[in-house]
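The next block holds one structure in the form of structure tokens; read it before the comments.
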Amino acid sequence: MALRIVDTKYYPKYHIASPGGWINDPNGFCCYKGKYHLFYQYHPHSAEWGPMHWGHVVSEDLIHWNHLPIALAPTEDYDREGCFSGSAFEKDGKLYLIYTGNNRDGQVQSIAESEDGVHFQKHPEIIIPPPEGEQIHRRDFRDPKVWQNDDKYYMVVGSRTEDELLGQILLFESEDLISWKFKNIMARAEGNQGFMWECPNFANIEGRDILIISPQGIKRERNKYMNVFQSGYFIGKVDYEKGIYIHGDFELLDYGFDFYAPQITETADGRTIMIGWADMWYNIMPEHDDGWAGMMTLPREIHVKNGKVFTTPIKELQKLRTSEKSYNDLKFYKPMKFDGVSGKTGELILDIDLTETTEFEIYLRTSKDKTQKTVLSYNKALELFKINRNESGAGGDGERECPVSAADKMKLHIFLDRSLVEIFINDGEKVMTSRIYPRTDSTDIVFVPKEGGFKIDSLKFYELGVAIPQPVVD
């Protein structure tokens, strides 16, 4: 039985969260028999990390989700210390979960199957151990992602070198999804790219092979790589014959405080969709005291533009809109609030004219006594967009920034949930995801001109409905 939630003040209205207990990495994101399934790392008995299970939610539209029974639990010798992350794949009408079994001797890749997408039977005899070799660490060998290319199946697994200095990705090949052989070390860290590469994901988008990884151990570079761990991508091309990946530079997927271990899937109409864990290891998580911890980001569509990955909120999110407040052709020189533009949750879309406005701030979840606020800011001269949560409430503090090129226009697309903000800048060119924990009475949104006034071509604010089951609290 899941841990009981005793307070919902921080519990989301429309982001995936557990019915009680701890969650982290999304797993097994897939479309099976016309429905979208998302699994996740889950400890149902505590709001702290513990022996990992696979929690499970299902949706018909990628927006409204319902909880299903736990899909995997640590029951075998090879996964006794946890069913760690992995992926899902449909074959011959069955849904296969390929995951990491964690045990006292190390980590192995394991398989379970289902004919209904709900009840899973493990294959105890199908275990993929770490390949032999001086350059492969036998303990850190996890998070398989499977895909098909032509008539063969491929699997990438996160790894590190035996000396524990460099992260790397291992490539495996199969004819039947069951029996696997090691192909090659597909890619390896160079320079400041981390000592362990976790949670690999792979997709071909518009002819480009995208490898997504979550590296541990990247060192901070001024105000970049400030989180304890990062998530990002390479763009390149897989040589399937040699089993190697030729790629460009590592780029971040999200510049906020809280984004890790993203999973991707393809929709029926061919879009590549990504969901990440909207938290970060070792963070302050006040919801622990309420009987739950952790949530997922909104689903994001991945695009490739000008040699970079853009991520945008999926179009299905428009179904959540219940009311709209709209303003046009605004220009003001003092802090302003607008009628109907406030709340603990909502969607804010801004088209900002930067021909005269060269610096501005936006205060989210602001209290009437002005003691709480989450500050967004942009400085055109410095080409920096920032989020500051020093006064955001009960959680962690600090500031994160991302480079945004100076231009005459800027578009911001912001989603607020009770303890989360997701900011999409210029149609997903940059994204910032951060947990915040303000009081329930901190609901104002304030627009603050700094230099040149604040000129807004269009401002739209939508109230949003409920998309996940809400806990019942006595």
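The structure displayed is predicted, hence computed values, not measured ones. Residues: numbered from 1 along the sequence shown.
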Check your understanding: Does the side chain of L459 reach to within under 4.5 Å of the side chain of L348, using non-hydrogen atoms?
Key -> yes
**Study point:** side-chain hydrogen bond (donor to acceptor under 3.5 Å, both in side chains) between N27 and Q41, worked out
**Key:** CA-CA 7 Å; N27 298 153; Q41 292 286 276; 2.9 Å; yes
Practice item. Indicate yes or no for a side-chain donor-acceptor contact from E287 to the backbone of G294 under 3.5 Å, with no hydrogens or angles considered. Key: yes
Study note, to complete from the structure: Across all chains, not counting sequence neighbours, the salt bridge (charged side-chain N to carboxylate O under 4.0 Å, His left out) partners of E429 are none
Point to revise | Criterion side-chain hydrogen bond (donor to acceptor under 3.5 Å, both in side chains) on T443 and S342, from CA distance to verdict | key: CA-CA 6 Å; T443 59; S342 65; 5.1 Å; no
Check your understanding: Tell me, do M336 and L330 make a side-chain contact under 4.5 Å, heavy atoms counted?
Key -> no
Check your understanding: Do the rings of H43 and H45 sit parallel, tilted or perpendicular, given the 30° and 60° boundaries?
Key -> perpendicular
Exercise for review: Using salt bridge (Lys or Arg N to Asp or Glu O under 4.0 Å) as the criterion, point out the one residue from K9, R4, R418 that pairs with D290.
Suggested key: K9
Check your understanding: Of F461, Y363, F338, which is the lone residue that meets ring-ring contact (aromatic ring centres under 6.0 Å, His included) with F447?
Key -> F338
Exercise for review: Compare all side-chain heavy atoms of Y42 with those of P19 and state whether any distance is below 4.5 angstrom.
Suggested key: yes
**Study point:** Worked check of side chain to side chain contact (heavy atoms under 4.5 Å, CB included) between L416 and I445
**Key:** CA-CA 11 Å; L416 282 168; I445 298 176; 4.2 Å; yes
Review point. After noting the C-alpha distance and the side-chain angles of D457 and K455, does the key distance pass the salt bridge (Lys or Arg N to Asp or Glu O under 4.0 Å) rule?
Key: CA-CA 7 Å; D457 293 336; K455 189 175 182 182; 5.4 Å; no
Check your understanding: Between F415 and L317, is a side chain to side chain contact (heavy atoms under 4.5 Å, CB included) present by the stated rule, with each step listed?
Key -> CA-CA 10 Å; F415 288 86; L317 285 161; 4.0 Å; yes
Check your understanding: What is the distance from atom CD1 of I16 to atom NE2 of H67, rounded to the nearest 0.5 Å?
Key -> 8.5 Å
Exercise for review: Mind checking side-chain contact (heavy atoms from CB on, under 4.5 Å) for S458 and listing every partner two or more places apart, or none if nothing turns up?
Suggested key: N328, D351, K460
Exercise for review: State whether the side chain of D61 and the backbone N or O of H64 hold a donor-acceptor pair below 3.5 Å, judged by distance alone.
Suggested key: yes
Point to revise | Results of salt bridge (charged side-chain N to carboxylate O under 4.0 Å, His left out) for E361 - residues two or more places apart only | key: none
Exercise for review: Assess the pair Y154 and F202: is the distance between their ring centroids shorter than 6.0 Å?
Suggested key: no
Review point. Angle class for the W22/H288 ring planes (parallel below 30°, perpendicular above 60°, tilted otherwise)?
Key: parallel
Point to revise | Whether S367 side chain and Q372 backbone form a donor-acceptor pair below 3.5 Å | key: yes
Review point. Any side-chain heavy-atom pair from I210 and R208 closer than 4.5 angstrom?
Key: yes
Check your understanding: Should the pair D25-R142 be classified as a salt bridge under the 4.0 Å nitrogen-to-oxygen rule?
Key -> no
Review point. Between the side chain of Y245 and the main-chain N/O of D209, is any donor-acceptor distance below 3.5 Å?
Key: yes
Review point. Hey, does P144 have a side-chain heavy atom less than 4.5 Å from the side chain of T100?
Key: yes
Exercise for review: Go through the steps to decide whether Q168 and M186 satisfy the test side chain to side chain contact (heavy atoms under 4.5 Å, CB included), and finish with yes or no.
Suggested key: CA-CA 8 Å; Q168 60 189 8; M186 179 171 154; over 6 Å; no
Exercise for review: Could you tell me whether a side-chain N or O of D408 sits under 3.5 Å from a main-chain N or O of L354, the two making a donor and an acceptor?
Suggested key: no
Point to revise | Heavy-atom closest contact (L95 atom, C30 atom, distance) | key: CD1-SG, 3.9 Å
Check your understanding: Heavy atoms, side chains only, cut-off 4.5 Å: are F250 and I218 in contact?
Key -> yes
**Study point:** For E251, side-chain contact (heavy atoms from CB on, under 4.5 Å) partners two or more places apart
**Key:** Y233, D249, K308
Practice item. Assess whether atom NZ of K370 is packed by more than 12 heavy atoms of other residues, nucleotides or ligands within 6.0 Å. Key: no
**Study point:** Ion pair D258/R435, N-O distance below 4.0 Å
**Key:** no
Exercise for review: Report the residues that fulfil side-chain contact (heavy atoms from CB on, under 4.5 Å) with L412, sequence neighbours left out, ordered by chain and then residue number.
Suggested key: L350, I352, F360, I362, F385, M410, I414, I425
Check your understanding: Under 3.5 Å, is there a donor-acceptor pair between the side chain of S59 and the main chain of Y36?
Key -> no
Review point. Can you list the residues that meet the salt bridge (charged side-chain N to carboxylate O under 4.0 Å, His left out) rule with K368, with sequence neighbours excluded?
Key: D444
Practice item. Say whether, by atom type as modelled, one donor and one acceptor occur between the side chain of T297 and the main chain of G276 under 3.5 angstrom. Key: yes
Point to revise | Closest approach of Y10 to P438 (non-hydrogen atoms, all atoms of both residues) | key: CE2-O, 3.7 Å
Review point. Does E356 reach the main-chain N or O of G452 with its side chain, forming a donor-acceptor pair under 3.5 Å?
Key: no
**Study point:** Non-hydrogen atoms of M285 and A293 that approach each other most closely
**Key:** CE-CB, 3.8 Å
Review point. How about K35: does its NZ atom have over 12 heavy atoms from other parts shown lying under 6.0 Å from it?
Key: no
Exercise for review: Would you check, one step at a time, whether the test side-chain hydrogen bond (donor to acceptor under 3.5 Å, both in side chains) holds for E347 with H413?
Suggested key: CA-CA 7 Å; E347 177 186 5; H413 197 165; 2.6 Å; yes
Exercise for review: Look only at the side chain of R365 and the backbone of S442, and say whether a donor-acceptor pair between them is shorter than 3.5 Å.
Suggested key: yes
Check your understanding: Going by heavy atoms in the side chains, are E359 and Y378 under 4.5 Å from each other?
Key -> no
Revision key, fill the gap. M296 and W277 have their tightest heavy-atom pair at SD-CA, 4.0 Å
Review point. E198 and Y260: side-chain hydrogen bond (donor to acceptor under 3.5 Å, both in side chains), yes or no, with the steps?
Key: CA-CA 10 Å; E198 289 195 309; Y260 198 65; 2.6 Å; yes
Exercise for review: Determine yes or no for a side-chain-to-main-chain donor-acceptor pair under 3.5 angstrom, with R220 supplying the side chain and R222 the backbone.
Suggested key: yes
Review point. Is the centre of the Y40 ring less than 6.0 Å from the centre of the W65 ring?
Key: no
Exercise for review: Take atom NZ of K337 as the centre, draw a 6.0 Å sphere, and report whether it contains more than 12 heavy atoms from other residues, nucleotides or ligands.
Suggested key: no
Practice item. Determine whether N227 and R400 make a side-chain contact, defined as any pair of heavy atoms from C-beta on separated by less than 4.5 Å. Key: yes
